[in-house]
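Note that the coordinates shown come from a computational prediction; the quantities given were computed from them, not determined experimentally. Read the numbers this way: they start at 1 and go in the same order the structure lists the ligands and their atoms.
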Amino acid sequence: MSNKLWAGRFTQPTDAFVEEFTASIHFDQRLYRYDILGSITHAEMLARQGIIATEEAEAIIRGLNDILAEIEAGRFVFSVAREDIHMNIEARLIEQVGPVGGKLHTARSRNDQVALDVRLYLRDEVDAIAQALRQLQSALLDQAEGNLDVIMPGYTHLQTAQPVLFAHHMLAYVEMLARDAGRLYDLRSRLNLMPLGAGALAGTTFPIDREWVAAQLGFAGVTRNSLDTVSDRDFALEFCSFAAIMMMHLSRLSEELILWSSADFAFIDLSDGFCTGSSIMPQKKNPDVPELVRGKTGRVYGNLVSLMTLMKSLPLAYNKDMQEDKEPLFDTIDTVRGSLKVFAAMIAEMTLKPGQMKIAAGRGFSTATDIADYLVRKGLPFRNAHEVVGKTVRYCIENGKDIPALTLEEFRQFSSDIGPDIYDYVTLEASVNARKATGGTARETVEREITLARSALKESI
Ligand code: ARG
């Protein structure tokens, strides 16, 4: 009546639409390699522990390897009737090796099996994403190092504030990504625990060796409570939280690249390979890649909220709701990997327009704070110095002049403490290079930070 692996207690077949509706095979088939790896290790353990015979384990493992080859060759037919990746593989195994295949699921449940598969899969993805993060960091560092003399306006409220090195701006993103990498590393330690042995929820009556399985699969240890083990999706939530924050960082960089590549800023050129044209306006070159990454940040946030909402108030232990964890997780992984990959390449090819940046950096009285600091060094309290420079700026606005273009007499109308050495302090270079304290934008400080960031990157590999 039914070929389902669990159909023993049923008298009627599954409704055809319900079968379709409850299946996860269209998306969880991407776990196949991890499902097979976990099953092979499980079968080996069962034999080692004398729970099944060695020849039985061998037949099972041979069958599993054949299935792996079938899937990789694109010859495996995934079946909706077999619901998910676990039952597709197990049913095919029994088809191929006979009833002995039915022994594989001894001392195991799909509940601990799916937890194992997702942990194994996510662990590999975490490692690949950590690598992709490093590649983007190193592209940013290359841009910083290759453009150490480029000065650009620094903004607050998107109003010209103080000049900064372009390299300093790049290093800000290197820092953000370093924190992202730290979050990834941290969540990996909680992810890297072996769940098999929790059974459906209460553990197993068989004398299994969980620690051996954990060691075989490269886990740092085993989970400690069977109920928690099959209920826990914190690792997916932590990953999606990491991803949301990381995408927020990329969205900010995206926004800046979009602004900088506009005709009004004209600070950078994104290479043609990362832009598209307009079907109506021939002059257009649109920064599609950063726009899309900025847009994709929304779906990554959405995936986090989906998962949080999915897990909210679920009673222990496994509930079918939890099958819905996969699509948001997989989509987050794909989006993050794609975004990092395209960003690393785009940053590597980005070119600068240093002249434009410098002109912009000189606008908006960006060295006004430097005059205030100058007066403070002459003994004036900072508040009074601020007042003096405020008046100087107003004078400049009214007379259509820039600060460095003022004559000494003009300067001295506002404070007799100003001497001819003021001109050493109001250039863009002087303003930038005066900020030498750790974390500041002075060239020598930035150079030191580039070296430090490079060696931190090397160590993390
Ligand atoms: N396809 C299921 C999932 O992804 C596997 C676990 C099913 N367990 C169960 N008792 N129905 O969550």
Side-chain angles (χ1 to χ4, degrees), residues 2-10 13-15 17-39 42 64 67 71 76-94 102 104-125 191 194-205 223 225-237 239-240 303 306-334:
S2 167
N3 57 1
K4 295 225 179 326
L5 296 174
W6 41 252
R9 59 103 68 217
F10 286 77
T14 317
D15 175 273
F17 179 66
V18 169
E19 192 168 86
E20 176 74 42
F21 187 73
T22 54
S24 54
I25 188 62
H26 15 278
F27 49 86
D28 67 12
Q29 52 177 271
R30 75 158 77 186
L31 298 173
Y32 74 89
R33 221 172 328 119
Y34 303 96
D35 194 72
I36 291 172
L37 173 65
S39 288
H42 181 66
L64 287 168
I67 292 172
I71 298 176
F76 190 95
V77 185
F78 291 103
S79 146
V80 167
R82 288 172 178 174
E83 194 178 323
D84 59 22
I85 188 61
H86 324 295
M87 291 201 291
N88 264 266
I89 290 173
E90 192 186 337
R92 178 77 183 126
L93 178 69
I94 295 168
L104 171 62
H105 213 48
T106 310
R108 191 176 73 171
S109 153
R110 269 190 297 155
N111 298 347
D112 53 356
Q113 187 180 357
V114 70
L116 175 73
D117 292 6
V118 177
R119 282 175 186 259
L120 283 171
Y121 163 73
L122 184 56
R123 190 178 65 186
D124 274 359
E125 292 296 336
L191 168 67
M194 209 289 295
L196 228 47
L201 74 162
T204 175
T205 57
T223 58
N225 178 289
S226 61
L227 284 169
D228 175 51
T229 299
V230 289
S231 308
D232 174 28
R233 292 293 180 271
D234 289 4
F235 47 87
L237 280 167
F239 175 79
C240 288
N303 289 338
S306 292
L307 262 187
M308 293 288 281
T309 313
L310 171 68
M311 297 307 292
K312 177 181 176 297
S313 314
L314 283 185
L316 303 186
Y318 178 83
N319 299 273
K320 183 72 169 176
D321 316 44
M322 290 159 69
Q323 179 168 289
E324 289 283 306
D325 64 352
K326 287 171 202 62
E327 286 162 293
L329 177 65
F330 295 169
D331 183 68
T332 300
I333 289 168
D334 295 344

Among Val118, Asp112, Leu116, find the one that has a side-chain contact (heavy atoms from CB on, under 4.5 Å) with Val114.
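Only one of Val118, Asp112, Leu116 forms a side-chain contact (heavy atoms from CB on, under 4.5 Å) with Val114, namely Val118.
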
Does atom CD (Glu324) have a neighbourhood of more than 12 heavy atoms from anything else shown, all under 6.0 Å?
no

Crowded around Lys312 NZ? As in, over 12 foreign heavy atoms under 6.0 Å?
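At most 12 heavy atoms, drawn from other residues, nucleotides or ligands, come within 6.0 Å of this atom.
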
Has ligand 1 got any nitrogen or oxygen that is less than 3.5 angstrom from a nitrogen or oxygen of Gln323?
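Yes; the residue has a nitrogen or oxygen that sits under 3.5 Å from a nitrogen or oxygen of the ligand.
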
What protein heavy atom is closest to [atom], reported as residue, atom name and distance in Å?
{"atom": "atom 6 (C) of ligand 1", "value": "Tyr318 OH, 3.5 Å"}
{"atom": "atom 8 (N) of ligand 1", "value": "Asn111 OD1, 2.9 Å"}
{"atom": "atom 11 (N) of ligand 1", "value": "Arg110 NH2, 3.5 Å"}

Quick test of your reading of the model: are Asp84 and Lys326 salt-bridged, counting only N-O distances below 4.0 Å?
no

I need the contact type for His86 against ligand 1. Using non-hydrogen atoms and a strict under-4.0 Å cut-off, is it side chain, backbone, both or neither?
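Under 4.0 Å from ligand 1, His86 contributes side-chain atoms alone.
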
Heavy atom of Lys326 under 4.0 Å from ligand 1?
yes

Picking from Glu90, Glu83, Glu19, what satisfies salt bridge (Lys or Arg N to Asp or Glu O under 4.0 Å) with Lys4?
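Exactly one pass, corresponding to Glu19.
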
Atoms of ligand 1 close to Ser24 [distance to a heavy atom under 4.0 angstrom, numbered from 1]
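That gives atoms 1 (N) of ligand 1.
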
Show the atoms of ligand 1 that are less than 4.0 angstrom away from any heavy atom in Asp84.
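Heavy-atom distances to Asp84 below 4.0 Å select 1 (N), 2 (C), 5 (C).
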
Worked check of side chain to side chain contact (heavy atoms under 4.5 Å, CB included) between Ile333 and Phe239
CA-CA 9 Å; Ile333 289 168; Phe239 175 79; 3.6 Å; yes

